[in-house]
Enquirer: 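Below is the structure I would like to discuss, written out as structure tokens.
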Amino acid sequence: MLAQDGPFAVRIASTGGNTGLTFNEMMAAGGFYEKFNVKPEIIELSDGTKIVGALISGNSDICRASGFGQVLTAIERGAELKILGGGELK
């Protein structure tokens, strides 16, 4: 990342359900955006397929979660997406 004045703008795709909304609020309340000099633009979408579409089209820079099924299918079809981490707790 290049040095710049002020926060680094990032478009974050997220589902609008309880989990997505709670996660976004916890990030803000915990000061994580400020700590890493990020100015988030939260883009609320209804499901993982729309999140993957936003990533592929360039309308979103990153996402917190999208569902592996959609991402792996898109990668198999040639989309230039990267999975940085994944896991599930039961």
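This structure is a prediction, so every number in the text was calculated from the model and none was measured.
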Enquirer: Is the backbone of Q70 close enough, under 3.5 Å, to the side chain of T73 for a donor and an acceptor to pair up by distance?
Expert: no
Enquirer: If you round to the nearest 0.5 Å, how far is OG1 of T22 from CE of M27?
Expert: 13.5 Å
Enquirer: Same cluster for I56 and I83 if Ile/Leu/Val/Met/Phe/Trp/Tyr side chains link at under 4.5 Å?
Expert: yes
Enquirer: Nearest 0.5 angstrom please: I51 CD1 to E44 CD, how far?
Expert: 10.5 Å
Enquirer: Would a 4.5 Å heavy-atom cut-off, applied to side chains only, mark L45 and T15 as touching?
Expert: no
Enquirer: Locate the shortest heavy-atom distance separating I75 from L81; write the atom from each residue and the value.
Expert: CD1-O, 3.7 Å
Enquirer: Considering non-hydrogen atoms only, spot the tightest contact between P40 and I12 and give its length.
Expert: CB-CD1, 3.8 Å
Enquirer: Can you name the nearest heavy-atom pair linking N59 to I43, along with the distance?
Expert: O-CD1, 3.2 Å
Enquirer: Of all heavy-atom pairs between A28 and Y33, which one has the smallest distance, and what is that distance?
Expert: N-CE1, 3.6 Å
Enquirer: Is the backbone of G58 close enough, under 3.5 Å, to the side chain of R11 for a donor and an acceptor to pair up by distance?
Expert: yes
Enquirer: Taking all atoms of both residues into account, what is the closest heavy-atom pair of S14 and G20, and its distance?
Expert: OG-CA, 3.9 Å
Enquirer: Using 0.5 Å steps for rounding, measure from the CD atom of E34 to the NZ atom of K39.
Expert: 12.0 Å
Enquirer: How far apart are the closest heavy atoms of D47 and T49, and which atoms are they?
Expert: OD1-N, 3.1 Å
Enquirer: Membership question, hydrophobic clusters at under 4.5 Å side-chain separation (ILVMFWY): are L21 and F32 in the same one?
Expert: no
